[in-house]
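Written out below as structure tokens is the structure these notes cover.
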Amino acid sequence: QVQVIQSGGGLAQPGESLRLSCAASGSISGFYAWDWYHQAPGRQREWVARISETGGTTYTFFVQGRFTISRDNSNKNTVYLQMNSLLPRDTGVYFCTAARTWWGQGTQVTVSS
């Protein structure tokens, strides 16, 4: 059984930064691609960023240059989403997933002045 635990998030003012973390434990081994998704209030979940098995990264247009997805060098099943220059539209629940199979519980990010 695999567990994915998210942490981080919270309240930030526009322009500030937050970092989300995501760690998988249990019966998981090897390198997986990880994705982050964002669900704004009243909207469908949307893809935000991906880090591939080999470390390549891709982003949706709206976060490019502001968000960075990375993997922990010492624990390949821990990933991060560094969110800089936050905007009110970044508000919502963020979900991480490994291999789009195992999902975290979601973490709330609120960007408001």
Side-chain angles (χ1 to χ4, degrees):
Q1 191 171 354
V2 176
Q3 240 188 343
V4 178
I5 303 296
Q6 294 184 224
S7 59
L11 177 64
Q13 294 193 347
E16 292 186 339
S17 299
L18 287 172
R19 189 174 85 153
L20 307 182
S21 300
C22 195
S25 61
S27 304
I28 185 170
S29 62
F31 282 90
Y32 294 91
W34 284 80
D35 295 272
W36 285 95
Y37 285 79
H38 170 228
Q39 187 163 17
R43 302 195 62 170
Q44 288 188 332
R45 195 175 298 185
E46 296 179 338
W47 175 80
V48 172
R50 165 171 270 232
I51 185 164
S52 73
E53 295 89 335
T54 55
T57 58
T58 51
Y59 302 90
T60 188
F61 171 79
F62 295 108
V63 307
Q64 212 150 20
R66 300 190 298 120
F67 290 12
T68 303
I69 187 171
S70 62
R71 178 183 279 118
D72 192 302
N73 288 331
S74 60
N75 183 349
K76 59 183 180 293
N77 289 319
T78 296
V79 295
Y80 306 101
L81 185 68
Q82 178 67 41
M83 305 187 294
N84 297 331
S85 303
L86 283 163
L87 302 170
R89 66 164 293 152
D90 297 323
T91 293
V93 180
Y94 285 78
F95 297 88
C96 64
T97 175
R100 291 174 179 168
T101 299
W102 302 290
W103 289 81
Q105 80 277 18
T107 188
Q108 176 70 41
V109 169
T110 302
V111 183
S112 175
S113 55

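All heavy atoms count here, side chains included; hydrogens, waters and symmetry mates do not.
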Taking every non-hydrogen atom, the tightest pair across L81 and A49:
CD1-CB, 4.3 Å
Establish whether V79 and W103 are linked, either directly or via other cluster members, by ILVMFWY side-chain heavy-atom contacts under 4.5 Å.
no
Nearest heavy atoms of P14 and S112, plus distance in Å
CD-C, 3.7 Å
same_hphob_cluster(I51, V2) at 4.5 Å side-chain heavy-atom cutoff
yes
Could you tell me which non-hydrogen atom of N84 sits nearest to which non-hydrogen atom of S17, and how far apart they are?
OD1-OG, 2.8 Å
I want to check something: taking the side chain as every heavy atom from C-beta on, are Q108 and T91 in contact at a cut-off of under 4.5 Å?
yes
Please check if Y37 and V109 belong to a single hydrophobic cluster, counting links between Ile, Leu, Val, Met, Phe, Trp and Tyr side chain heavy atoms closer than 4.5 Å.
no
I'd like to know whether CD of Q1 has more than 12 heavy-atom contacts from other residues, nucleotides or ligands below 6.0 angstrom.
no
Would you compute the distance between atom CZ of F62 and atom CD of E46 and round it to the nearest 0.5 angstrom?
8.0 Å
At what distance, to the nearest 0.5 angstrom, does CG of L18 lie from CD of Q82?
8.5 Å
Closer than 3.5 angstrom, by distance alone: can the side chain of Y32 be matched with the main-chain N or O of T97 as a donor-acceptor pair?
no
Judged by modelled atom types alone, do T68 and S70 share a side-chain donor-acceptor pair under 3.5 Å?
no
Assess, by modelled atom type and distance only, whether the side chains of Y80 and D72 contain a donor and an acceptor separated by less than 3.5 Å.
yes
Closest non-hydrogen atom pair, G106 against V93
CA-CG1, 3.9 Å
Taking CZ in R89 as the centre, count heavy atoms belonging to other residues, nucleotides or ligands within less than 6.0 Å. Is the count above 12?
no
Identify the two heavy atoms, one from A12 and one from L86, that lie closest to each other, and give their separation to 0.1 Å.
CB-CD1, 3.8 Å
What I'd like to find out is whether the side chain of T58 reaches to under 4.5 Å of the side chain of W47, using heavy atoms alone.
yes
Would you say R71's side chain and S52's backbone share a donor-acceptor pair under 3.5 angstrom?
yes
Answer whether the closest heavy-atom distance between the side chains of M83 and V111 falls below 4.5 Å.
no
Under 6.0 Å between the ring centres of F67 and W36?
no
Looking only at atom types and distance, does a side-chain atom of Q6 sit under 3.5 Å from a main-chain N or O of L20, one as donor and one as acceptor?
no
Validation row: H38, V63 side chains within 4.5 angstrom (heavy atoms):
no
Atom SG in C22, atom CD in Q105: separation rounded to 0.5 Å?
8.0 Å
Closest heavy-atom pair, V4 versus C96, reported as atoms and distance to 0.1 Å, is CG1-SG, 3.6 Å
Quick one: does S85's side chain have a donor or acceptor within less than 3.5 Å of a partner on R66's backbone?
no
